Every structure is written in C-alpha cells, then in structure tokens.
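For reference, the structure is listed below as structure tokens.
Basis for what follows: all heavy atoms, side chains included, without hydrogens, waters or symmetry-related copies. Note that this is a predicted model, so its numbers are computed, not measured.
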Amino acid sequence: MATDDETAQIHGWFTGRLPEGWFTGAPEIVRDREEIAVLGALPDLPDDVSEAERAALVEGLARRFREETRERRIEIAREAERKFRQKVSWGVVCGGETVMFTTLSVPVMTRLRQTERQVLDTLVAAGVARSRSDALAWCVRLVGKHTDTWLADLRDALQHVDRVRSAGPDVNS
C-alpha cells in the first residue's frame with residue numbers, strides 16, 4: 001500500500017509535469033502495486049446532444065486527445081516509470097465516461113472450491129466469458145461496480161492504518 005507521502009509526491013510530479021491545457025483540472029492519479037493511472041477530465045459536453053451523438057462525441061474526443069498527445073504521454077510515462085519504478089497508464093474522463101488508453105493486465109492466482117468454479121464455468125458456458133479467467137475478471141468488475149461506496153470506505157480505512165503505522169515506532173532499527 002502506498003503511503004500518503006508517496007501518493008502526494010507522485011500526484012505533485014504529474015501535476016507539475018503535464019502540459020497546461022491537457023485537462024480541465026488537476027489529473028486524478030490512481031496507484032496500486034503495479035501501476036500508476038493518470039486520468040484527466042476533458043471539457044464538458046453540450047447538454048443538447050442525443051445519447052447516440054453523446055457516445056460518438058465521447059469516443060471522438062477521447063480518440064483525438066489520445067492521438068494528439070501520444071508522443072508527449074510516452075515521454076512523460078518513461079520519465080515517471082524510471083522515477084517511480086511503476087508502469088504508467090493513461091485515460092480521460094469525458095461526459096461522465098472514463099476511457100482508458102493503456103492499462104496493465106496483471107495475472108492473479110486464486111484457489112477456488114468446486115461451487116465457486118461452477119459459477120465461473122456457468123459464465124463460460126453461457127457465453128458471458130471466454131474462459132474462467134475472463135469470468136473471474138467479469139465478476140470482479142461487477143462487484144466493484146455495485147460496491148463502490150463500500151470499497152471507497154475500505155480504502156480510506158486502509159490509508160488511515162498506513163498513517164498510524166508510519167507515525168508509530170520504527171521496529172526495524
């Protein structure tokens with residue numbers, strides 16, 4: 001788990017390093033053990049567009065941003081990867097939608113009992129997923145989507161634990 005100081009350092013570095021005008025505000029930095037994701041908000045969409053036009057507009061704006069900033073994003077990501085020793089991924093938020101350009105897919109090992117494997121096999125047999133791995137990823141996305149508030153509270157509690165630990169005595173000395 002990243003400390004508050006590390007997270008603040010990374011956020012400050014990206015905020016200072018990104019060109020002005022890329023995003024409508026400060027970027028959101030999301031970090032885990034393997035990856036730093038940089039998400040920036042693009043300008044708001046007009047209110048008077050249809051749903052079909054809205055979806056196409058989000059796709060077009062995201063694609064344009066991706067193409068126009070590609071070389072500079074690669075340069076910044078390489079610097080950050082050397083400095084922070086983590087991969088960097090990019091995305092934008094536009095019209096309430098998050099569009100990620102590059103993200104890591106990290107293998108995760110788990111042990112499942114037969115009833116749990118049967119759930120995954122049912123999803124595969126039904127064509128919801130191509131494999132058990134895809135089915136498990138689908139389940140994780142579904143849980144994450146429906147428990148955002150609970151997961152946010154849990155992450156806040158973990159950050160509090162990290163702060164308390166870092167303020168405690170150094171037991172490695």
Side-chain angles (χ1 to χ4, degrees), residues 1-108 133-134 137-138 140-167:
M1 209 29 105
T3 66
D4 287 342
D5 286 344
E6 291 170 328
T7 301
Q9 180 186 18
I10 289 170
H11 191 274
W13 188 88
F14 274 101
T15 300
R17 185 65 180 85
L18 295 176
E20 287 186 35
W22 269 17
F23 306 125
T24 59
E28 177 185 0
I29 308 297
V30 181
R31 182 180 183 215
D32 66 12
R33 291 185 296 190
E34 291 85 18
E35 179 178 26
I36 300 168
V38 181
L39 294 123
L42 298 181
D44 289 333
L45 302 178
D47 293 331
D48 60 342
V49 295
S50 68
E51 282 304 310
E53 185 179 3
R54 182 178 201 75
L57 188 55
V58 167
E59 181 184 347
L61 289 169
R63 175 169 267 161
R64 181 176 71 192
F65 177 86
R66 183 179 188 182
E67 295 302 320
E68 290 177 356
T69 63
R70 176 175 275 124
E71 288 182 31
R72 194 75 186 273
R73 283 186 298 106
I74 290 170
E75 175 187 323
I76 293 168
R78 284 185 179 146
E79 283 181 46
E81 288 169 4
R82 281 191 302 272
K83 182 171 183 61
F84 301 114
R85 294 189 171 97
Q86 286 183 279
K87 289 294 187 184
V88 174
S89 62
W90 297 90
V92 293
V93 179
C94 183
E97 298 287 324
T98 299
V99 179
M100 296 300 297
F101 306 146
T102 52
T103 57
L104 291 180
S105 242
V106 179
V108 177
S133 178
D134 285 344
W138 181 86
V140 169
R141 284 191 300 273
L142 187 64
V143 168
K145 181 178 177 181
H146 292 291
T147 59
D148 281 342
T149 303
W150 180 79
L151 288 172
D153 290 346
L154 188 58
R155 287 185 187 108
D156 289 344
L158 288 171
Q159 287 178 344
H160 178 70
V161 168
D162 285 342
R163 284 192 296 273
V164 171
R165 279 187 186 146
S166 66

Mind listing the closest non-hydrogen atom pair of [X] and [Y] along with its distance?
{"X": "Asp32", "Y": "Gln86", "answer": "O-NE2, 2.6 Å"}
{"X": "Gly95", "Y": "Val58", "answer": "CA-CG2, 4.4 Å"}
{"X": "Pro19", "Y": "Arg72", "answer": "CG-NH1, 3.6 Å"}
{"X": "His11", "Y": "Pro27", "answer": "NE2-O, 3.0 Å"}

### Query
Does the distance from a Lys or Arg side-chain N to an Asp or Glu carboxylate O, for Glu81 and Arg78, drop under 4.0 Å?
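Salt bridge: no.
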### Lys/Arg-Asp/Glu bridge criterion (N-O < 4.0 Å) met for Glu97, Arg54
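No, Glu97 and Arg54 are not salt-bridged.
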Working to the nearest 0.5 angstrom, can you tell me the gap between [X] [atom1] and [Y] [atom2]?
{"X": "Thr147", "Y": "Asp153", "atom1": "OG1", "atom2": "CG", "result": "10.5 Å"}
{"X": "Arg63", "Y": "Phe101", "atom1": "CZ", "atom2": "CZ", "result": "10.5 Å"}
{"X": "Thr15", "Y": "Ile10", "atom1": "OG1", "atom2": "CD1", "result": "11.5 Å"}
{"X": "Thr69", "Y": "Ile76", "atom1": "OG1", "atom2": "CD1", "result": "8.5 Å"}
{"X": "Arg70", "Y": "Arg73", "atom1": "CZ", "atom2": "CZ", "result": "6.5 Å"}

### Set of residues satisfying salt bridge (charged side-chain N to carboxylate O under 4.0 Å, His left out) with respect to Asp134, sequence neighbours excluded
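Salt bridge (charged side-chain N to carboxylate O under 4.0 Å, His left out) list for Asp134, sorted by chain: Arg130.
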### Query
What pairs with Arg17 under salt bridge (charged side-chain N to carboxylate O under 4.0 Å, His left out), at least two apart in sequence or on another chain?
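For Arg17 the salt bridge (charged side-chain N to carboxylate O under 4.0 Å, His left out) partners, ignoring immediate neighbours, are Glu75, Glu79.
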### Message
Counting neighbours of CD on Glu71 that are heavy atoms of other residues, nucleotides or ligands and sit closer than 6.0 Å, is the number greater than 12?
### Response
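Check fails, neighbour count at 12 or below.
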### Task
Would you indicate whether Arg163, at its atom CZ, is surrounded by more than 12 heavy atoms from other residues, nucleotides or ligands within a distance under 6.0 Å?
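Count over threshold, so yes.
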### Task
Show the numbers, then the answer: is there a side-chain contact (heavy atoms from CB on, under 4.5 Å) between Val93 and Leu42?
CA-CA 6 Å; Val93 179; Leu42 298 181; over 6 Å; no
### Task
Say whether, by atom type as modelled, one donor and one acceptor occur between the side chain of Glu28 and the main chain of Gly40 under 3.5 angstrom.
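Looks like no, no N/O pair under 3.5 Å.
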### Message
Treating Ser50 as the side-chain partner and Glu53 as the backbone partner, does any N or O pair qualify as donor plus acceptor under 3.5 Å?
### Response
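Pair found, side chain donor or acceptor close to backbone of Glu53.
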### Task
Sequence neighbours left out, what pairs pass salt bridge (charged side-chain N to carboxylate O under 4.0 Å, His left out) with at least one residue falling in residues 34-45?
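Matches after skipping sequence neighbours: none remain.
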### Task
Hey, could you give me each pair passing salt bridge (charged side-chain N to carboxylate O under 4.0 Å, His left out) that has a residue in residues 7-16? Not counting sequence neighbours.
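Qualifying pairs: none.
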### Message
Show every ring-ring contact (aromatic ring centres under 6.0 Å, His included) that has at least one partner inside residues 39-75, sequence neighbours left out.
### Response
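For residues 39-75, and leaving out neighbouring residues, the ring-ring contact (aromatic ring centres under 6.0 Å, His included) pairs sorted by first residue read Trp22-Phe65, Phe23-Phe65.
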### Query
Got a sec, which pairs hit ring-ring contact (aromatic ring centres under 6.0 Å, His included) with one end in residues 73-96, sequence neighbours left out?
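Output for this query lists Trp13-Phe84.
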### Message
Pair Thr7, Ile29 - check side-chain contact (heavy atoms from CB on, under 4.5 Å), show working.
### Response
CA-CA 8 Å; Thr7 301; Ile29 308 297; over 6 Å; no
### Among Leu57, Leu61, Thr24, side chain to side chain contact (heavy atoms under 4.5 Å, CB included) partner for Cys94
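It is Leu61, the one option of Leu57, Leu61, Thr24 that forms the side chain to side chain contact (heavy atoms under 4.5 Å, CB included) with Cys94.
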### Query
If we only count heavy atoms from C-beta on, is the Val38 to Val88 side-chain gap below 4.5 Å?
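Sidechains of Val88 and Val38: in contact.
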